[in-house]
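Written out below as structure tokens is the structure these notes cover.
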Amino acid sequence: MVQKIALEEHFGTSDPDLVEQSREHFTASTWPPHRRQLLDVQDERLRLMDEAGIELVVLSLLAPGIQGLPERAQAVDWARRTNDVAARHVELRPDRFAAFAALPLQDPEAAATELRRAVTELGFKGALVNGFSEVDGDRIAYLDEPQYRPFWAVVEELAVPVYLHPRDPLPRDSRMLEGHPWLYGSAWGFSVETGTHALRLMAGGLFDEHPGVQVILGHLGELLPFTIWRTDHRLRVKPAGIPARKPLREYLRSNFHLTTSGNFTTPALRFTLDEVGADRVLFSADYPFESMGEAATWFDALDLDRETHEKIAAGNARKLLGL
């Protein structure tokens, strides 16, 4: 069993009350045990980590988390409070836990301030952002928009990654899925929403302006390794005024890291390795939405050369997060 580091492992809080946001992703019968697992960090979670050979977990707030709070003042307050909760968990077991910050991106300046506090004072390893942010009750904001450029400058200055995590599109913006509830969430909607968000970051010129920024995507890249060639191919035919200075594939290979969270399939992993290289793929489980045991059993049995296996298991994470 190879020792592993996992980067997309969620927790919830009851004060402030954010754990109930995840109820919609479970049935009535499966929600109670998953609610317990989201609130637990120091007991069952540690036992499951030991059984799966996971030496360290990077804790992050569940989705949509702070991004689902449309009131700016509440988002700023609750982000700070949930980061303090995560910091207390890390302080109890710094040998087993690290953390990504939750950020109130409804207020870009406050988000940059909280990221700086989380990294420089709390010792966090970066941030996890749950997609677009709801702002002032009637607007949503994506991270490629101009008001976030100063935030990204702080990310680059601090040299920490941002994990771009999925959330569902709002019902008013998802007519394509209307009447098909099985296509929402992690079955399909998450990857389409998050992959498109990542393409906006690439195409909008963010990485030309801030080439040091590193973004993490879960689920083996939210479909992008399998579609990026065609996206570039068609953009050469009709660039339509795209601001990016390079093919998008180059950004995927230089500004993104991809985790195995919730996508435990060997053919997809091999394709991803061929597309972005072994230095940019990292192990993760997506607990408690996925099983640590299932993730680890699949990963440990992979027929990979030792160097590649160890890089994905923990080596790449140590390098990216400065562990």
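Start at 1 with the first residue, then count along the sequence.
- Legend: side chain to side chain donor-acceptor pair (under 3.5 Å) pairs involving residues 295-320, not counting sequence neighbours, sorted by first then second residue: Lys4-Asp300, Glu55-Arg318, Thr266-Trp298, Asp279-Lys311, Asp305-Thr308, Arg306-Glu310.
- A heavy-atom distance below 4.5 Å is found between the side chains of Ile66 and Gln106.
- The list of ring pair (Phe, Tyr, Trp, His ring centres under 6.0 Å) pairs with a residue in residues 148-175, not counting sequence neighbours, reads His10-His165.
- For the residue pair Gln214 and Arg280, a side-chain donor N or O sits within less than 3.5 Å of a side-chain acceptor on the partner.
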Considering only distance and modelled atom types, tabulate donor-acceptor pairs under 3.5 Å from the side chains of residues 287-294, sequence neighbours left out.
from, atom 1, to, atom 2, distance (Å)
Ser291, OG, Gly293, N, 3.1
Ser291, OG, Glu294, N, 3.0

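- Residue pairs meeting the ring pair (Phe, Tyr, Trp, His ring centres under 6.0 Å) criterion with at least one member in residues 88-119: none, sequence neighbours excluded.
- Every residue two or more places apart in sequence or in another chain was checked for a side-chain hydrogen bond (donor to acceptor under 3.5 Å, both in side chains) with Gln21, and none qualifies.
- Within the structure, the salt bridge (Lys or Arg N to Asp or Glu O under 4.0 Å) test picks out the following pairs touching residues 120-136 (sequence neighbours left out): Arg72-Asp136, Glu134-Arg167.
- For residues 211-249, every residue pair satisfying the ring pair (Phe, Tyr, Trp, His ring centres under 6.0 Å) rule, not counting sequence neighbours, is listed here: Phe226-Phe271, Trp229-His233.
- Sorted by first then second residue, the ring pair (Phe, Tyr, Trp, His ring centres under 6.0 Å) pairs that include residues 30-81, not counting sequence neighbours, are Phe26-Trp31, Phe26-His34.
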In residues 12-19, what donor-acceptor pairs under 3.5 Å come from side-chain atoms, sequence neighbours left out?
from, atom 1, to, atom 2, distance (Å)
Thr13, OG1, Pro16, O, 2.5
Asp15, OD1, Arg81, NH2, 2.7

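- Listed by chain and residue number, Gln42 satisfy the side-chain contact (heavy atoms from CB on, under 4.5 Å) test with Leu92 (two or more places apart in sequence, or in another chain).
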Just list the side-chain donor-acceptor pairs under 3.5 Å for residues 169-176, sequence neighbours left out, or say none.
from, atom 1, to, atom 2, distance (Å)
Ser174, OG, Leu170, O, 3.0
Ser174, OG, Pro171, O, 3.2
Ser174, OG, Tyr184, OH, 3.0
Arg175, NE, Glu178, OE1, 2.8

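- Here side chain to side chain donor-acceptor pair (under 3.5 Å) pairs that include residues 238-247, with residues two or more places apart or in two chains, number zero.
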